[in-house]
Amino acid sequence: MTQFEQLRRAMAQAGVDALWVSDPANVRVLSGFTGGKDGKVLVTPQGATLYTDARYTVQAQEESPLPAFIARPPETYRHAAAELSGLRVGYEAEHLTVAALEDLREHWDSATLIAVRGLVQKIRAIKSPEEIEAIRAAQALADQVFGEVRPVIRAGVRELDVALEIEMRLRRAGAENAFDIIVASGPRGAMPHGVASNRVIEDGDLVTIDMGARLNGYHSDMTRTVAVGQPSEELARIYRAVLEAEEAAVAAVGPGVRAADLDTLARDILTRHGLGEAFAHSLGHGVGLEVHEAPGLRGTSEDVLESGMVVTIEPGAYIPGLGGVRIEDLLLVTDGGHEVLSRSPKEQI
Ligand SMILES: CSCC[C@H](N)C(=O)N1CCC[C@H]1C(=O)N[C@@H](C)C(=O)O
């Protein structure tokens, strides 16, 4: 089934005849257009049209096989209105501003507007072979850069300088950061999203580095926690517990596995080590055109893993005042189980 066939089936289930796509990643996956928020796609029962403005005339032609209508609102809305009369039109509730919704209501008054969620995201969760290669390439670059920068992570160096080294190497290779690089050393390790600060790394610190490359629009995501000198026995114990949880969850990844069960598996191991409360976030998430996308690997998720999904496994433990540990791998779900895409070594602490 093609992507548009899958989408129209999902649209029918959601009770809509047409869909106004405004999430830039969804626009890209349906049209190939990389112009971000300056592109929209209208999917109707008959076909699909890319809407963008004259800054992108050439780019739209080069990138997208869809017919393009080049204009700015309100002309865009007037053009689309002609196809929408009497239809139930879905809009992406998570990616439309209130102002834009008011504009749609004004111009599409003969259509019924219906909020929908996650229709294209669900399709995006299963990657094409080309997308898998793009993510593989992004992760291979991140692995290479991490290996080059690992020797820089030592006492006396600022977290910011570690992040700069990573970013410079990614950029030289034609990529960019997938997100603000997390370098959380010593007590800052207790912050799961502790982006690099001015703190100077000290002897005995654990340092959590969470980094990704964005290459040709596709992301990678990986975390390693490394030791500088000899960490305390308490930190070493936490590290080993997180590593045990991570390895167990990775080993359990395969098609047909419930995402919520994976989260429980890792959480139960950390709970046995007295660290259940310290695991302050979900086990993982899908990765692709966005760093966080479907499926969600959390306790409340109803997602079931399928071959072709790319997901992270990233348990952590965070103790305010002491520090923290997170270990994260990027995995491709395969027919036979999984392939670990992130290859950077994990330290034995
Ligand atoms: C700002 S992007 C962060 C990337 C990182 N690898 C990541 O996904 N993290 C870091 C710790 C928690 C986890 C996260 O943000 N998880 C989300 C999906 C959650 O809501 O738990």
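Because the structure is a prediction, the values reported are computed rather than measured. For ligands, and for the atoms within them, numbers begin at 1 and follow the listed sequence.
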Checking a contact table here: which protein heavy atom is nearest [atom], and how many Å away?
atom                    : result
atom 5 (C) of ligand 1  : Asp210 OD2, 2.9 Å
atom 8 (O) of ligand 1  : His292 NE2, 2.7 Å
atom 21 (O) of ligand 1 : Ser282 OG, 2.8 Å
atom 2 (S) of ligand 1  : Phe179 CG, 3.7 Å

(Q) Is it true that Asn26 and Glu92 share a donor-acceptor pair across their side chains at a distance under 3.5 Å? (A)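 Yes, Asn26 and Glu92 have a side-chain donor paired with an acceptor closer than 3.5 Å.
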(Q) When you compare the side chains of Arg88 and Thr112, does any donor N or O come within less than 3.5 Å of an acceptor on the partner? (A)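 Short answer, no.
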N/O separation below 3.5 Å, [X] to ligand 1:
X      : result
His193 : yes
Glu314 : yes
Asp221 : yes
Arg326 : no

Q | Ring-ring centroid check Phe279 His281, cutoff 6.0 Å | A |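 Close enough - the centres of the two rings lie under 6.0 Å apart.
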Q) Do you know which two heavy atoms are closest between Leu84 and Val89, and how far apart they sit? A)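 The answer is CD2-CG2, 3.9 Å.
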Q.
Between Lys346 and Glu246, does any NZ, NE, NH1 or NH2 come within less than 4.0 Å of an OD or OE carboxylate oxygen?
A.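 Here Glu246 pairs with Lys346 in a salt bridge, since their nearest N and O are under 4.0 Å apart.
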Q.
Using the rule given for ring-ring contact (aromatic ring centres under 6.0 Å, His included), can you reason through Trp20 versus Tyr51, listing the C-alpha separation, both sets of side-chain angles and the distance that settles it, and then say yes or no?
A. CA-CA 10 Å; Trp20 180 246; Tyr51 286 90; 5.7 Å; yes
(Q) Using a 4.0 Å cut-off to any heavy atom of Glu328, which atoms of ligand 1 qualify? (A)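 Atoms satisfying the 4.0 Å criterion: 6 (N).
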**Q.** Atom CZ of Arg117 with >12 non-hydrogen neighbours under 6.0 angstrom
**A.**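 Open.
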